[in-house]
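For reference, the structure is listed below as structure tokens.
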Amino acid sequence: MFKVLANAFKVKDIRDKLIFVFLVLLIYRIGTTIPLPGINLHMLDLALYQGMGGQGTFFELMMGGGYGSVMAMGIAPYITSSIIMQLLTVAIPKLEQLKKEGEEGRKKINQITRNLAVVLAVLQGGATVFSYVNNPMGIPLFNHSGILTYIMATVAMVTGTIFIMWLAELLTERGIGNGASFIIFANILAGMPLTIYSLGILLQGDNILLGAGTLLLILLVFAAIIAFVVLVSEGERRIPVQYSKKMAGRMFGNNSYIPIKVNIAGVMSIIFAISLLQFPVQLSMFFPNNQVLQTIAGFLGLDHWVGVTAYVVMIFLFTFFYTSFAVNPVEMAENMKKNGGFIPGIRPGKPTSDYIQRIVDRLSWIGAVCYSLIAIVPVGFQWVTGVDTGFGGTTLLIATGVALEFIKQLESQLLMRHYKGFLS
């Protein structure tokens, strides 16, 4: 990995892209420190000191931890909009047709995604401002309580989200890799110093050896999860395919394969599961005096066995749900048949689609088990040791996935320039 980065900095075009990515992320992180108009800075510092703006859930990672800032919502509305559009593209024939129209269709879908993200940002911005006003600590975060103050704060947050969407698109177009992924990755890295500091405070005590042993155990668990995430991310099942071609009266065979990833759903199943699981928790934050919501939120928290069980069940359900949209065995079998391809030992048509479906189902089971382990190992570690590691399985899955994709993008661009130099 370090060799790839060193080689990338030797190429001017790639070096310029890397510097551009760094500058955009720097601008974004500076934006997370700009407070909302009308907010009381002293009360905001008090709220942050009491842990109201900590980075614990997936939503807080997407929101960047900019509690009380103009970029407090982060990239979350755009991510939610993208997920909704992915589902609607399969469910609505007109959107599916747009997707097949190539570049023009993709531009139209992206514009619809942006518009939907703005609508979601307005709704989420209003709810976030409401949660600031009615926070559990009862801290008055705004200098003046009034509808105009809250509307101004909501407009500022929506504007911040639109600016972040623009930065993400700039990163995608002029940088390396997906811009939205880099935004979330930057949020994860930004929360690491606080996590390390919190662990240092927790592990301080009279018995230094016990603290050092716990820290070593945390590092080993951390390394094991990362290795497991890389293994799952890179794992794939290759289905052998043979294509027959006829040239000058003779038949020639061309062997190939169809790669099907173990993590077909990727992190999406965990995102869907944690989104649904955290919804009552978010509502309880908006209505701190509602005892029913507080009780439900307590049961669905990841520190309760009911919440962990529901979390694992939903990961399984959403893994199969998302995979059913992402992979179409019938379409794959038809395309294979049209191109004169077949799987050795399997008849073309329905037997081929059934065979692919069986493989996809098995991989979905394996993927769901792996995602569940990745998601609950940090929770189980906290139950056993009583130490909050400050990182979750989703965090590691996203960070490792973005890092792997980034290295692959660098390698492909280096390879392109290598071939250009060779041909010239």
Side-chain angles (χ1 to χ4, degrees), residues 79-113 116 178 180-181 232-245 254-273 275-276 313-372 397 401 404-405 408:
I79 296 294
T80 306
S81 176
S82 300
I83 294 172
I84 293 173
M85 285 303 299
Q86 286 185 22
L87 298 177
L88 292 180
T89 300
V90 180
I92 300 176
K94 186 172 180 60
L95 290 177
E96 187 175 4
Q97 184 180 357
L98 278 177
K99 185 179 179 181
K100 296 179 180 179
E101 289 181 0
E103 185 67 20
E104 289 300 320
R106 186 183 66 83
K107 289 181 179 179
K108 292 179 181 178
I109 291 178
N110 287 342
Q111 187 58 45
I112 297 173
T113 304
L116 180 59
N178 185 275
S181 300
V232 174
S233 300
E234 295 297 306
E236 64 181 21
R237 169 73 159 85
R238 297 181 176 182
I239 303 176
V241 180
Q242 188 169 356
Y243 293 93
S244 58
K245 295 183 179 179
N254 183 19
N255 297 326
S256 182
Y257 63 86
I258 300 176
I260 301 180
K261 305 286 288 185
V262 173
N263 61 335
I264 299 173
V267 74
M268 300 307 295
S269 60
I270 297 181
I271 293 175
F272 288 162
S275 300
L276 189 59
V313 170
M314 283 191 288
I315 288 176
F316 272 82
L317 292 177
F318 284 121
T319 297
F320 283 91
F321 174 74
Y322 190 84
T323 302
S324 65
F325 288 110
V327 180
N328 190 342
V330 176
E331 185 178 350
M332 292 171 64
E334 290 178 355
N335 292 334
M336 198 184 305
K337 187 176 181 181
K338 290 177 182 177
N339 295 318
F342 63 93
I343 299 175
I346 306 296
R347 296 178 59 186
K350 191 175 185 303
T352 298
S353 64
D354 292 341
Y355 177 76
I356 296 175
Q357 185 64 59
R358 285 197 301 271
I359 292 177
V360 170
D361 290 341
R362 292 171 184 171
L363 290 177
S364 297
W365 278 106
I366 296 173
V369 171
C370 292
Y371 303 151
S372 300
L397 190 59
L404 289 174
E405 185 62 28
K408 287 180 181 178

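Both backbone and side-chain heavy atoms feed into the values below; hydrogens, waters and symmetry mates do not.
For Y371 against V262, the heavy-atom pair with the smallest separation is OH-O, 3.8 Å. When all heavy atoms of L95 and I109 are compared, the closest pair comes out as O-CD1, 3.9 Å. In this structure, P329 and S353 approach most closely via the heavy-atom pair CB-O, 3.5 Å. Nearest heavy atoms, R237 versus L363: CB-CD1, 3.7 Å. Of all heavy-atom pairs spanning G349 and A333, the tightest one is O-CB, 3.8 Å.
One finds the CE atom of M336 at 10.5 Å from the CD1 atom of I346 (value rounded to the nearest 0.5 Å). Atom CD of Q357 and atom CG of D354 lie 8.0 Å apart (nearest 0.5 Å). Here the SG atom belonging to C370 is positioned 11.5 Å from the CD1 atom belonging to I315, to the nearest 0.5 angstrom. Rounding to the nearest 0.5 Å places CZ of R106 at 10.5 Å from OG1 of T113. Atom CD1 of I359 is separated from atom CD1 of I343 by 6.5 Å, given to the nearest 0.5 angstrom. The CD1 atom of I260 lies 11.5 Å from the CZ atom of R362; values are rounded to the nearest 0.5 Å.
Among residues two or more places apart in sequence or in another chain, the ring pair (Phe, Tyr, Trp, His ring centres under 6.0 Å) test is passed with Y355 by none. Here E236 pairs with R238 under the salt bridge (charged side-chain N to carboxylate O under 4.0 Å, His left out) rule; sequence neighbours left out. N110 meets the side-chain hydrogen bond (donor to acceptor under 3.5 Å, both in side chains) test with no other residue; sequence neighbours excluded.
Looking at heavy atoms from C-beta onward, V369 lies in side-chain contact with F316 at the 4.5 angstrom threshold.
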